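Structure first, commentary second.
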Amino acid sequence: MLPLSFYLRPDVVALARALLGKVLVTEFGDGRTAGRIVETEAYNGRLDKASHAYKGPTKRTDVMFGEGGVAYVYLCYGIHHLFNIVTNAGGEPHAILIRGVEPLEGIPVMMERTGAAAAGPALGRGPGKVGRAFGFHATQCGLSLLGPEICLYDDGFRVPDDELGISPRIGVDYAGADAALPYRFYLKGHPSVSGKPR
DNA sequence: ATACCGATTAACT
DNA sequence: GTTAATCGGTATA
């Protein structure tokens, strides 16, 4: 399991890159699910207009201002529960959005949660679907990433340099100049990456 | 107390 | 390509 120290590094953008290829496991009592992270986005706290933490702490974003190594889950468009990893020690409210996960374990559970008719990489393609497939809910905001409900592993998988994709983030056009920052990381050509293939 | 809106998705035309 | 679904957070009064 990735140690707490992994989440306390100061460079949230490098950390978003480092999370690619790691294995995410959730166990919320209705089945264990696991998958490989193939798409992430970094949100750089107070310096980043696209971050929910840009204007300072609120009841919703408080968890980002505490110590890293916990989950930030919030409801988007009234429908989707998006899962983020909070990083850095208290102070800078950094977070990394998990946008794409390749299903590895508990695929029948994911199908039941999402209502999908078929198994496949689409189960974890897009942040809203990751939230559903892995059973995330806004009430889980603040849970530790060191277990038992949520944990992350390094199983030895490495992303080859020529399969690393970098781009601006998706859906943050309102953020002005910050919308153009190259803070999105993904595995080139992987079927569980959202958006059009590049 | 009330109005507006989003780190999305799926189902349309 | 366009749009409905759906609701808590945030801003404004």
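A quick note: this is a predicted structure, and the numbers were derived from the prediction, not measured. Chain naming here is simple, since letters A, B, ... match the order of the sequence lines and numbering starts at 1 in each. The analysis underlying the following values was restricted to heavy atoms, covering all of them including side chains, and did not include hydrogens, waters or symmetry mates.
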Next on the checklist: Within this structure, what is the CD1-CG distance for the pair A:I37 and A:L20, rounded to the nearest 0.5 Å?
Outcome noted: 8.0 Å
Next on the checklist: I'd like to know if the side chain of A:S51 and the backbone of A:Y43 have a donor-acceptor N/O pair within less than 3.5 Å.
Outcome noted: no
Checklist entry - Is a side-chain N or O of A:D178 found less than 3.5 angstrom from the main chain of A:K49, in a donor-acceptor match? => result yes
Are any protein N/O atoms closer than 3.5 Å to N/O atoms in nucleotides 2-8 of chain C? If there are, list each pair with its distance.
{"residue": "C:dT6", "atom": "O2", "partner": "A:Y77", "partner atom": "O", "Å": "2.5"}

Next on the checklist: Over all strands shown, is A:L97 touching base, sugar-phosphate only, or nothing at heavy-atom distances under 4.0 angstrom?
Outcome noted: base
Checklist outcome for this item: A:L75 meets the side chain to side chain contact (heavy atoms under 4.5 Å, CB included) criterion, sequence neighbours left out, with A:H81
Item to check | Residue list, side chain to side chain contact (heavy atoms under 4.5 Å, CB included) with A:V109, at least two apart or on another chain | outcome: A:T33, A:R113
Checklist entry - On a whole-Å scale, what distance lies between the C1' atoms belonging to B:dA10 and C:dG8? => result 22 Å
Next on the checklist: Roughly how many Å apart are C:dA11 and B:dA7, using the P atom of each and rounding to a whole number?
Outcome noted: 13 Å
Checklist entry - When you look for runs of 3 or more Watson-Crick or G-U pairs in a row, both distances below 3.5 Å, which of them include DNA chain C? => result B:1-6 with C:7-12, B:8-12 with C:1-5
Euclidean distance, atom [atom1] of residue [X] to atom [atom2] of [N] [Å, nearest integer]:
| X | N | atom1 | atom2 | value |
| --- | --- | --- | --- | --- |
| A:M64 | B:dA7 | CE | P | 11 Å |
| A:K49 | B:dA7 | NZ | C1' | 17 Å |
| A:L82 | B:dC5 | CG | P | 20 Å |
| A:K59 | C:dG9 | NZ | P | 6 Å |

Checklist entry - Does the side chain of A:E39 reach to within under 4.5 Å of the side chain of A:S194, using non-hydrogen atoms? => result yes
Any [X] side-chain nitrogen or oxygen under 4.0 Å from OP1 or OP2 of [N]:
| X | N | value |
| --- | --- | --- |
| A:H52 | C:dG9 | no |
| A:R60 | C:dT10 | yes |
| A:K129 | B:dA10 | yes |
| A:R132 | B:dA10 | yes |

Please enumerate all protein N or O atoms sitting under 3.5 Å from an N or O of nucleotides 11-13 of chain C, with distances to 0.1 Å.
none

Item to check | A:Y174 ring over B:dG6 six-membered base ring, under 5.5 Å and 30° | outcome: no
Side-chain donor/acceptor pairs under 3.5 Å, residues 145-159 of chain A, sequence neighbours excluded:
{"residue": "A:D154", "atom": "OD1", "partner": "A:G156", "partner atom": "N", "Å": "2.7"}
{"residue": "A:D154", "atom": "OD1", "partner": "A:R158", "partner atom": "NH1", "Å": "3.2"}
{"residue": "A:D154", "atom": "OD2", "partner": "A:R158", "partner atom": "NH1", "Å": "3.3"}
{"residue": "A:D154", "atom": "OD2", "partner": "A:R158", "partner atom": "NH2", "Å": "3.2"}
{"residue": "A:D155", "atom": "OD1", "partner": "A:R36", "partner atom": "NH1", "Å": "3.1"}
{"residue": "A:D155", "atom": "OD1", "partner": "A:F157", "partner atom": "N", "Å": "3.1"}
{"residue": "A:D155", "atom": "OD2", "partner": "A:R36", "partner atom": "NH1", "Å": "3.1"}
{"residue": "A:D155", "atom": "OD2", "partner": "A:R36", "partner atom": "NH2", "Å": "3.1"}

